[in-house]
Amino acid sequence: MRSALLILSLVALSASAEERVSSPFRSEAAGNAIRRVIVDIPTGAIEIRNGSPDRLVAAGRVSRDPDGPRSRDKEQRIVNDTSVEIVLRNDEAIVQRRYGLNAQGWRAQSFTSYEVRLELPPGVSVDVKTRAGEVSIEGRFGDIDVDLRAGEVNVRLPRKDVRELRASCRIGEVRTNIGSEIVEREGLFPGRTRYINPEGRSFVNVHTTVGEVRVTLD
């Protein structure tokens with residue numbers, strides 16, 4: 001009986017995945033003068049890595065779940081006209097959503113999933129405005145600020161680059177590996193893990209209200 005239920009569940013999940021509509025995107029901009037990147041995408045899966053020293057790249061996929069077969073074409077038109085763009089303002093770059101004519105209105109701009117991979121020059125500061133989802137950062141960066149309401153944060157940085165680290169959550173788990181020590185906190189108000197290195201240069205603040213924070217300093 002359990003095997004039959006498991007098979008039915010897997011079939012349902014497979015059908016749901018097939019019904020989902022999606023569209024890829026890619027945006028690039030010059031990164032020579034950029035000192036700070038603001039990720040202004042409220043929800044989604046955000047992956048941040050180092051790339052070319054003179055280019056910013058945002059690539060990924062947007063997707064939606066149709067209400068049924070009849071709405072599939074309409075939902076496909078919406079995601080085809082939804083993407084992520086990079087806007088340059090002096091020494092800052094803003095990574096934000098962009099909507100075309102087929103993606104206007106509250107409904108068209110809601111209930112859309114974003115999977116974004118950012119390739120940024122080494123040393124730039126990163127301010128992630130995402131409120132719910134998953135954020136993964138690995139590489140060499142300047143100051144980093146992540147403050148989720150719900151979700152998971154994974155950060156991996158060179159220990160020598162970090163001047164001060166603050167990692168925390170209100171409900172969930174905080175796991176910090178600073179090389180010589182692994183600090184694990186979990187539960188309700190598990191507290192904040194703090195690391196200070198006077199020889200470093202970057203200030204790193206990572207927090208989620210509900211979820212998990214994992215930091216590794218190599």
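Between Pro121 and Pro53, the shortest heavy-atom contact is CB-O, 3.6 Å. Here the closest non-hydrogen pair linking Ala132 and Thr130 is O-CG2, 3.5 Å. Closest approach of Gly133 to Leu148, counting heavy atoms only: O-CD1, 3.8 Å. When all heavy atoms of Val124 and Val37 are compared, the pair lying nearest together is CG2-CG2, 4.3 Å. Shortest non-hydrogen contact noted between Gln76 and Val21 is OE1-CB, 3.4 Å.
Here Arg97 does not pair with Glu85 in a salt bridge; the nearest charged N to carboxylate O distance is not below 4.0 Å. Between Arg107 and Asp67 there is a salt bridge, since a side-chain N of the basic residue sits under 4.0 Å from a carboxylate O of the acidic one. Electrostatic pairing of Arg156 and Asp218 counts as a salt bridge here, judged by a charged N lying under 4.0 Å from a carboxylate O. Using a cutoff of 4.0 Å between basic side-chain nitrogens and carboxylate oxygens, Lys160 and Glu199 are not scored as salt-bridged. At a threshold of 4.0 Å, the pair Arg61-Glu115 does not count as salt-bridged, since none of the basic side-chain nitrogens sits closer than that to a carboxylate oxygen. We find that Asp127 and Lys129 are joined by a salt bridge, their nearest charged nitrogen and carboxylate oxygen being less than 4.0 Å apart. Between Asp65 and Arg20 there is a salt bridge, with a side-chain nitrogen of the basic residue lying less than 4.0 Å from a carboxylate oxygen of the acidic one. A salt bridge is defined here as a Lys NZ or Arg NE, NH1 or NH2 lying under 4.0 Å from an Asp or Glu carboxylate O, and Arg77 with Glu75 fails to meet this definition. The existence of a salt bridge linking Arg194 and Glu164 is confirmed by a sub-4.0 Å separation between a basic side-chain nitrogen and an acidic carboxylate oxygen.
The backbone N or O of Ala167 lies less than 3.5 Å from no partner atom in the side chain of Thr176, so there is not a single donor-acceptor pair. Judged by distance alone, the side chain of Asn177 and the main-chain N or O of Ile182 form no donor-acceptor pair under 3.5 Å. Listed for the Arg72 side chain is a donor-acceptor partner under 3.5 Å among the backbone atoms of Glu19. Looking at Arg175, its side chain never comes within 3.5 Å of a backbone N or O of Glu212 through a donor-acceptor pair.
Between Arg131 and Thr43 there is no side-chain heavy-atom pair separated by less than 4.5 Å. At least one side-chain heavy atom of Leu157 sits under 4.5 Å from a side-chain heavy atom of Val204. For the pair Glu119 and Arg55, the minimum side-chain heavy-atom distance is 4.5 Å or more. The side-chain heavy atoms of Phe25 and Val116, taken from C-beta on, include a pair separated by under 4.5 Å.
Taking CZ of Arg89 as the start and CD1 of Ile38 as the end, the distance is 8.0 Å to the nearest 0.5 Å. To the nearest 0.5 Å, the span separating CG on Leu165 from CG on Leu217 amounts to 5.5 Å. Of the inter-residue distances, the one linking Glu134 atom CD with Glu152 atom CD reads 5.5 Å to the nearest 0.5 angstrom. Of the inter-residue distances, the one linking Arg36 atom CZ with Phe141 atom CZ reads 15.0 Å to the nearest 0.5 angstrom. Between the OG1 atom in Thr82 and the CD atom in Gln104 there is a gap of 9.0 Å [rounded to 0.5 Å]. Once rounded to the nearest 0.5 Å, the distance linking CZ of Arg192 with NE2 of His207 reads 8.5 Å.
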Going through the distances and angles, do Asp81 and Tyr99 end up as a side-chain contact (heavy atoms from CB on, under 4.5 Å)?
CA-CA 6 Å; Asp81 228 3; Tyr99 301 108; over 6 Å; no
Before giving the answer on side-chain contact (heavy atoms from CB on, under 4.5 Å), spell out for Val215 and Val206 the whole-Å C-alpha distance, their side-chain angles and the decisive distance to 0.1 Å.
CA-CA 9 Å; Val215 180; Val206 287; 3.8 Å; yes
Set out, in order, the CA-CA distance, both residues' side-chain angles and the distance that settles side chain to side chain donor-acceptor pair (under 3.5 Å) for Ser202 and Arg163, then state yes or no.
CA-CA 5 Å; Ser202 301; Arg163 184 176 182 86; over 6 Å; no
Show your reasoning for whether side-chain contact (heavy atoms from CB on, under 4.5 Å) applies to Leu56 and Leu88.
CA-CA 10 Å; Leu56 306 171; Leu88 304 183; 4.0 Å; yes
Working for side chain to side chain donor-acceptor pair (under 3.5 Å), residues Arg98 and Ser83:
CA-CA 5 Å; Arg98 184 180 68 80; Ser83 65; 3.2 Å; yes
Worked check of side chain to side chain donor-acceptor pair (under 3.5 Å) between Arg185 and Thr193
CA-CA 8 Å; Arg185 305 175 185 272; Thr193 298; 3.1 Å; yes
Take Arg35 and Glu92, measure what side-chain contact (heavy atoms from CB on, under 4.5 Å) needs, and give me the verdict at the end.
CA-CA 6 Å; Arg35 299 292 176 264; Glu92 290 187 344; over 6 Å; no
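Hydrophobic cluster membership for Ile78: none, as no Ile, Leu, Val, Met, Phe, Trp or Tyr side chain comes under 4.5 Å of it.
A continuous path of hydrophobic side-chain contacts links Ile178 to Val146 [ILVMFWY only; heavy atoms under 4.5 Å].
Looking at Asn205 and Asp145, their side chains do bring a donor and an acceptor atom within 3.5 Å of each other. In this model, a donor atom of one side chain and an acceptor atom of the other lie less than 3.5 Å apart for Arg64 and Thr112.
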